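Remember, it's 1-based here, ligands and their atoms both numbered in the order they're listed. In this chain, residues are counted from 1 in sequence order. Note that the structure is a prediction, hence the values are computed from the model and not measured. These numbers come from the heavy atoms of this one structure, side chains and all, not from hydrogens, waters or symmetry mates.
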Amino acid sequence: MKRIGILTSGGDCQGLNSTIRAVAKSLYYHYGNDGVEIIGIIDGYRGLIYGEYKTMKPEDFSGILTMGGTILGTSRQPFKLMRVVDENSVDKVASMKKNYKKLNLDCLVVLGGNGTQKTANLLSEEGLNVVSLPKTIDNDLWGTDKTFGFQSAVDIATNVIDCIHTTATSHGRVFIVEVMGHKVGWLTLYAGIAGGADIILIPEIPYDIDSVIKTIKARTASGKNFSILAVAEGAISKELAAMPKKKKKAAIAEMKYPSISYKIAEEIEAATGQETRVTVPGHFQRGGSPDAYDRVLSTRFGVAAADLIINKKYGNMVALVNNEVVAVPLKDIAGKLKAVPKDCEVVQAARKMGISFGD
Ligand code: F6P
């Protein structure tokens, strides 16, 4: 009897349950329902540290294809604190190894983003059999062209921009839609293009507020009474980006605005006199059902992860490279961020459509 532990870690996203389902169904298909026992670890690495888990049954994986969130629960357990004992002097890494052994696991399956993959690699280096899958709406995981959750979040953010478009035109306003994505601009770039934004601001291309204002004024002069900006939550001005790391961090912390979009809105309104509003869809972008693309991608990823387990190819993350699902060694991808290349084809296409990046 094979014993497989599975956990979801970090911020949730669409496609977690469809991925869990694919791993489980594929394992049951291969080993038979009596040939494999799946242990659901509760709330991510926290469950592995503190021994919280449940033994799953095949029926637990039915009816979850379209379900948002994660049936296992999740939590953020920062990688940088993994080697730091907790308030009760629990050594987290030692405890995870102990619980893995106690549960008599043949493999631990981990669904997560950047921090999660770093811990997965750490556990793999510590001798555990680990297979991981790339989850995040941010699409910032090195080694894979796409993460599951990304496309569903693009759809939601695009829908927000679509809805804002109609009200922006009615009122002749400038609207900023602030898009998630943490330190990268993939989500903003894709939703911005899909939603027909006039200006897209992403962290990888620091903006000059004068250039943003110039674009809006030019639109007004050409008879367009509204402008739509898709602004990444991590967007940064040229001025800030040029600062040394410490000074920049302090300047951001001192900002009196709830987020960068509100500062940009104030600057636009002051310079153009045009009413400028901010919409922040926030966690809405991570909620609800995975779209059809993510259902297919997460199914392909889940089946590939099961194949890695069956073939004992541990220490790997499944990934999408040139539309093929492949395995990439955890040690090669852990800790690396996949940012938007400034001059990539998608950015160039946007520029050739007259979209401004405010640079
Ligand atoms: O990593 C996914 C993400 O939604 C980011 O886009 C965002 O910056 C962050 O998580 C928000 O984290 P939390 O849910 O902990 O507020």
Side-chain angles (χ1 to χ4, degrees), residues 7-17 19 43-46 68-70 72-82 110-120 132-144 146-161 176-192 194-195 200-204 230-236 248-249 252-253 255 257-263 278-291 294 297-298 301 317 333-340:
L7 64 83
T8 53
S9 166
D12 74 340
C13 73
Q14 304 89 337
L16 281 166
N17 288 327
T19 308
D43 293 345
Y45 289 119
R46 186 159 72 204
T70 161
L72 299 174
T74 188
S75 65
R76 290 198 187 276
Q77 299 290 320
F79 174 75
K80 61 178 181 209
L81 298 180
M82 277 298 174
V110 170
L111 283 64
N114 266 315
T116 301
Q117 303 298 340
K118 282 197 264 184
T119 300
S132 74
L133 298 104
K135 162 240 72 161
T136 168
I137 63 166
D138 302 338
N139 197 36
D140 60 351
L141 262 175
W142 190 264
T144 186
K146 288 273 157 30
T147 54
F148 66 83
F150 172 65
Q151 190 59 50
S152 303
V154 169
D155 291 352
I156 294 176
T158 301
N159 186 245
V160 173
I161 299 174
I176 295 179
V177 177
E178 184 174 289
V179 181
M180 272 189 169
H182 201 217
K183 292 179 181 159
V184 303
W186 291 108
L187 193 48
T188 310
L189 177 64
Y190 276 68
I200 296 176
L201 304 183
I202 59 174
E204 293 87 344
V231 173
E233 60 180 352
I236 186 164
K248 179 167 66 185
K249 222 176 158 186
I252 292 171
M255 249 184 3
Y257 306 91
S259 68
I260 190 71
S261 298
Y262 291 89
K263 182 174 190 298
V278 177
T279 293
V280 184
H283 289 79
F284 202 78
Q285 293 161 95
R286 274 178 16 197
S289 291
D291 68 4
D294 273 334
L297 182 64
S298 57
F301 277 162
M317 179 184 85
I333 58 105
K336 294 186 193 162
L337 190 74
K338 185 186 71 188
V340 176

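The closest side-chain heavy-atom distance from Phe148 to Leu111 is below 4.5 Å. Ile137 has its side chain within reach of Gln14: a pair of non-hydrogen atoms, C-beta onward, lies under 4.5 Å apart. Counting only heavy atoms from C-beta outward, the side chains of Leu337 and Asn114 approach each other to under 4.5 Å.
Residue-environment remark: NZ (Lys336) exceeds the threshold of 12 foreign heavy atoms within 6.0 Å.
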Starting from the N and O atoms of ligand 1, find every protein N or O within less than 3.5 Å and list the pair with its distance.
unit_1: ligand 1; atom_1: 1 (O); unit_2: Asp138; atom_2: OD2; d: 2.7
unit_1: ligand 1; atom_1: 4 (O); unit_2: Arg286; atom_2: NH1; d: 2.9
unit_1: ligand 1; atom_1: 6 (O); unit_2: Asp138; atom_2: OD1; d: 2.7
unit_1: ligand 1; atom_1: 6 (O); unit_2: Gly181; atom_2: N; d: 3.0
unit_1: ligand 1; atom_1: 6 (O); unit_2: Glu233; atom_2: OE2; d: 3.4
unit_1: ligand 1; atom_1: 8 (O); unit_2: Glu233; atom_2: OE2; d: 2.5
unit_1: ligand 1; atom_1: 10 (O); unit_2: Arg76; atom_2: NH2; d: 3.0
unit_1: ligand 1; atom_1: 10 (O); unit_2: Arg286; atom_2: NH1; d: 3.1
unit_1: ligand 1; atom_1: 12 (O); unit_2: Arg76; atom_2: NH2; d: 3.0
unit_1: ligand 1; atom_1: 14 (O); unit_2: His283; atom_2: NE2; d: 2.8
unit_1: ligand 1; atom_1: 14 (O); unit_2: Arg286; atom_2: NH1; d: 2.8
unit_1: ligand 1; atom_1: 14 (O); unit_2: Arg286; atom_2: NH2; d: 3.1
unit_1: ligand 1; atom_1: 15 (O); unit_2: Arg76; atom_2: NE; d: 2.9
unit_1: ligand 1; atom_1: 15 (O); unit_2: Arg76; atom_2: NH2; d: 3.4
unit_1: ligand 1; atom_1: 16 (O); unit_2: His283; atom_2: NE2; d: 3.2

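Side-chain atoms of Glu178 and Ser261 include a donor-acceptor pair closer than 3.5 Å.
Between the side chain of Gln77 and the backbone N or O of Tyr45 there is no donor-acceptor pair closer than 3.5 Å.
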